[in-house]
Number of protein chains: 2
Amino acid sequence: MPTPMPVQQSTSAHTTSPRRRRADAERNRARVLNAARELFAERGAHVSMDEVARRAEVGVGTLYRHFPTKEAMVEAASQQRFGEILTYYRTICRDSTEPLEALKLLLTRIAEVEARDRGFASVVVEGTLGSEGPRSPLRADLEAELVSLVDKGQAAGVIRQDITGADILSLTCGLNSIVHRRSGDWRRYINIVLDGLRSSRER
Amino acid sequence: MPTPMPVQQSTSAHTTSPRRRRADAERNRARVLNAARELFAERGAHVSMDEVARRAEVGVGTLYRHFPTKEAMVEAASQQRFGEILTYYRTICRDSTEPLEALKLLLTRIAEVEARDRGFASVVVEGTLGSEGPRSPLRADLEAELVSLVDKGQAAGVIRQDITGADILSLTCGLNSIVHRRSGDWRRYINIVLDGLRSSRER
DNA sequence: AGTGAAACGGAGAGAGGTTCCGCATGCCAA
DNA sequence: TTGGCATGCGGAACCTCTCTCCGTTTCACT
């Protein structure tokens, strides 16, 4: 390991960074992230690093100075999507809405974003399928919201007891599959899932 | 295209082949399939072709003479699993059992096999997620059984009308996710899915 | 045994991710 | 303003993995 002080926070937005970055580095990081977001959204996470570098008009080396691996870059590129979904959820439906209705709105939003952004879709699936690795901050936030939503629903007696918040993320795998195989049908799928989640006395 | 007569049926068991294969070729094909099945089951589909060739004690070239791509080989290796599941289903529960109960047995069996065979699990997910490409024969058979099972359940009024057999395969994506993240919890997941599938008058 | 077709092995082409290092550039102090 | 230098940059090179190609070997049939 030649570098004595590796960049730890390269994938996060970091409010208080230990050492300020140079202006050109900051600019390049933004260019890379934009290029990545565009390409991954349009064509999925299989787009090559060379291509991202070309669209960002930087060398591949620059990509790896800002993100340790391609996977981290894909993850970072979809952070904004998690952010959008969280913002929507927190402003629209967290407090005012009945839990099952809120869950429906949230799942619908996730499906809509997955339909628009193939890179995000694969991050959701991989992150749920792949067992190890640290969760990105906003993804963790979203999972936390789901957990508390499920808790609330269970306390109110409208969601069955034998389920956890983490289950919901697993259910989005199937959602993702439907979004990309038969666009449009996913509203039906959400209804099926919600009917399954209801507590028996609500049925 | 140099080869005038490419091997069409390389992934199937072919009962009536147009031209007989040499004995050594037949033997090597079996060795390769065995090696592939073992390695993919143990460690997943990311195992390299070199490694499969090494375990089968053949050269990589031989792998590609029997299977056009790695993907085809993974698919072929999991055909046996689809076969096992189909046999189980046809002998145990297709005719004699009530549709929802049969569906439960079938989903349970799929989960059990996925838990044992990581390669099979990824074939189920990829095949469901990936939109294009021809389905392998036994996979298609399994999907057909699911379709007729759903039809039967709908005719009997125990399965909701707004669902198709293909939806079930999508639901197995989430199943797969749970099988590999929290082994054991998938029985709970199956109950949730089944409750969602029930027609409303049954609840 | 002899012959031709079928099958084999494995080097290497090609593609994609990742690293490395000499050069360029922004930043700060004098 | 300029000189010093840490920081950042580009892209050739490297590694690994899939897949192809072709000289050699093996089988099957006479």
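Here is how names work: the chains are called A, B, and so on, in the same order as the sequence lines, proteins then strands, and each is numbered from 1.
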Novice: Are B:Arg188 and A:Asp162 within salt-bridge range, i.e. N to O under 4.0 Å?
Specialist: no
Novice: Atom pairs under 3.5 Å, N or O on each side, protein against nucleotides 28-30 of chain D: can you list them with distances?
Specialist:
from, atom 1, to, atom 2, distance (Å)
D:dA28, OP1, B:Ala23, N, 3.1

Novice: Surrounding CD of A:Glu98 (heavy atoms of other residues, nucleotides or ligands, distance under 6.0 Å), is the total greater than 12?
Specialist: yes
Novice: What do you reckon, are the aromatic ring centroids of A:Phe120 and A:Phe40 less than 6.0 Å apart?
Specialist: no
Novice: Using a heavy-atom cut-off of 4.0 Å across all strands, would you classify A:Asp50 as base, sugar-phosphate, or nothing?
Specialist: nothing
Novice: Between atom CZ in A:Arg54 and atom P in D:dG10, what is the gap in whole Å?
Specialist: 14 Å
Novice: Are any of A:Tyr64's side-chain N or O atoms less than 4.0 Å away from OP1 or OP2 of C:dT19?
Specialist: no
Novice: Side chain of A:Arg65 only, heavy atoms from C-beta on: which candidate in D:dT20, D:dG10, C:dC8 is closest?
Specialist: D:dG10
Novice: Could you state the NE2-C1' distance from B:His66 to D:dT18, rounded to the nearest angstrom?
Specialist: 18 Å
Novice: Please compare B:Arg27 and A:Thr62 by the position of their nearest nucleotide in DNA chain D and report the one closer to 5'.
Specialist: A:Thr62
Novice: May I ask you to say whether B:Asp117 pairs ionically with B:Arg37, meaning some side-chain N is under 4.0 Å from a carboxylate O?
Specialist: no
Novice: Of the options C:dA7, D:dC19, C:dT18, whose atoms approach the side-chain atoms of A:Thr69 most closely?
Specialist: C:dT18
Novice: Can you see if the side chain of A:His46 gets near the phosphate of C:dG16 - specifically, an N or O under 4.0 Å from OP1 or OP2?
Specialist: no
Novice: C:dA7 phosphate, OP1 or OP2: any side-chain N/O from B:Asn28 under 4.0 angstrom?
Specialist: no
Novice: I'd like to know if A:Glu42 pairs up with A:Arg118 as an ion pair, taking the criterion as any Lys NZ or Arg NE/NH1/NH2 lying under 4.0 Å from an Asp or Glu carboxylate oxygen.
Specialist: no
Novice: Do the side chains of A:Asp195 and A:Arg198 get close enough for a salt bridge, i.e. N-O under 4.0 angstrom?
Specialist: yes
Novice: If I take atom NZ in residue B:Lys70 and atom C1' in nucleotide D:dT20, what distance separates them, rounded to the nearest angstrom?
Specialist: 17 Å
